[in-house]
Amino acid sequence: MAAPRWLLLCLLRGALAAASGSNEPSPPQICSGCCAGSVRNSSAVAAFCGSREGAELRGRCCLEREAVVGLDLGNCSLRQLCPSFQEARTAIVIDLTDNPLDHPLEDAFRGFTQLQTLALPVELDCPGGSNVWDNVTTQGSRRICHSQRNPCNGSGGFGWLCPEDSLCAADGPGLHLCLCEGPYHGYKCLRQGTFPYLMFYGTLGAVTTSLSILLWVTQRRKVKTS
């Protein structure tokens with residue numbers, strides 16, 4: 001018996017809707033997997049997102065071209081940051097207030113070079129210390145860290161820690177990297193020239209082949225003796 005026409009139309013519409021929905025990329029896990037709900041109206045993330053053309057609120061995030069530019073994890077009962085927190089390293093504004101955080105935050109912000117406003121419970125210090133931010137204020141139970149400084153700039157920067165033939169690069173609040181310049185590479189940028197890929201992989205292939213032959217011969221001897 002043929003299916004009713006209305007049923008076929010419903011199935012066709014459902015298939016088209018599913019196909020169109022599958023083309024839309026899903027937001028990063030940090031937007032919903034860490035804390036349920038949406039961005040709070042009282043959060044700085046909501047005001048920030050509303051001021052940026054093309055930005056949209058999805059879950060706990062403010063997204064711009066699918067990149068996280070704002071993250072509100074306030075009042076989520078977090079004692080430590082989620083494993084997916086690094087997905088928000090492109091964030092400009094982050095709100096972590098009203099959480100009983102008791103885990104050190106220093107390394108958690110590695111790679112957060114664009115972060116300009118960070119709201120924390122007042123019990124916590126700004127990552128890297130107050131001297132790596134242009135301005136630190138307290139508002140009731142909140143500590144607000146404004147405008148992180150480049151740790152490589154100025155006489156008190158970390159540039160002097162980098163070896164010769166390398167450049168200091170910011171890697172988050174109070175964090176830095178030493179990047180080798182030009183043809184230099186390796187430990188403390190002491191090696192010059194391009195990495196010898198041909199020699200490396202040639203040696204690796206020869207060693208692997210030799211070990212394989214040795215293993216094969218050993219196995220054959222065992223088979224014969226048994």
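In this text the structure is predicted, and so the values were computed from the model without any measurement.
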I need the [X] [atom1] to [Y] [atom2] distance, nearest 0.5 Å.
X	Y	atom1	atom2	result
T97	L120	OG1	CG	8.5 Å
Q80	L101	CD	CG	9.0 Å
D134	C145	CG	SG	11.5 Å
T208	I213	OG1	CD1	11.0 Å
L118	L105	CG	CG	8.0 Å
L63	L71	CG	CG	10.0 Å

Counterpart residues, side chain to side chain contact (heavy atoms under 4.5 Å, CB included), relative to P163 (two or more places apart): S166, C178, K188
Test side chain to side chain contact (heavy atoms under 4.5 Å, CB included) applied to N135 - qualifying residues, sequence neighbours left out: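 Expected list: T137, H146.
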Shared ILVMFWY cluster between I30 and F109, side chains joined below 4.5 angstrom? yes
Check whether L57 and V69 end up in the same hydrophobic cluster, where Ile, Leu, Val, Met, Phe, Trp and Tyr are linked by side-chain heavy atoms less than 4.5 Å apart. yes
Take C168 and C162, measure what disulfide (SG to SG under 2.5 Å) needs, and give me the verdict at the end. CA-CA 6 Å; C168 180; C162 290; 4.4 Å; no
Of all pairs that satisfy salt bridge (Lys or Arg N to Asp or Glu O under 4.0 Å), the ones with a partner from [range], not counting sequence neighbours:
range	result
residues 76-101	R40-D95, R40-D98, R79-D102
residues 160-172	R110-D171
residues 137-148	none

Hey, does the side chain of [X] reach the backbone of [Y] with a donor-acceptor pair shorter than 3.5 angstrom?
X	Y	value
S43	V39	no
N99	L96	yes
R60	D72	yes

Assess the residue pair Q114 and V93 against the criterion (side chain to side chain contact (heavy atoms under 4.5 Å, CB included)); give the C-alpha distance rounded to whole Å, side-chain angles, the decisive distance to 0.1 Å, and a yes or no. CA-CA 9 Å; Q114 300 181 53; V93 179; over 6 Å; no
Any I94 side-chain heavy atom under 4.5 Å of L115 side chain: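 Result yes, sub-4.5 Å side-chain heavy-atom pair found.
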Find out whether R58 and C31 are in side-chain contact, i.e. whether some heavy atom of one side chain is under 4.5 Å from a heavy atom of the other.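 A side-chain contact is absent here, since even the closest heavy-atom pair is not under 4.5 Å.
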C62 and C49: sulfurs closer than 2.5 Å?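 Between C49 and C62 there is a disulfide, given that their SG atoms are under 2.5 Å apart.
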Below 30° counts as parallel, above 60° as perpendicular, anything between as tilted: where do the rings of F85 and F112 land? parallel
For [X] and [Y], work out which heavy atoms get closest and say how close.
X	Y	value
N41	A46	O-CB, 4.0 Å
A170	P151	CB-CD, 3.7 Å
Q148	Q116	N-OE1, 3.9 Å

For residues 122-129, run the donor-acceptor check on the side chains, cut-off 3.5 Å, and write out each pair with its distance to 0.1 Å, sequence neighbours left out.
none

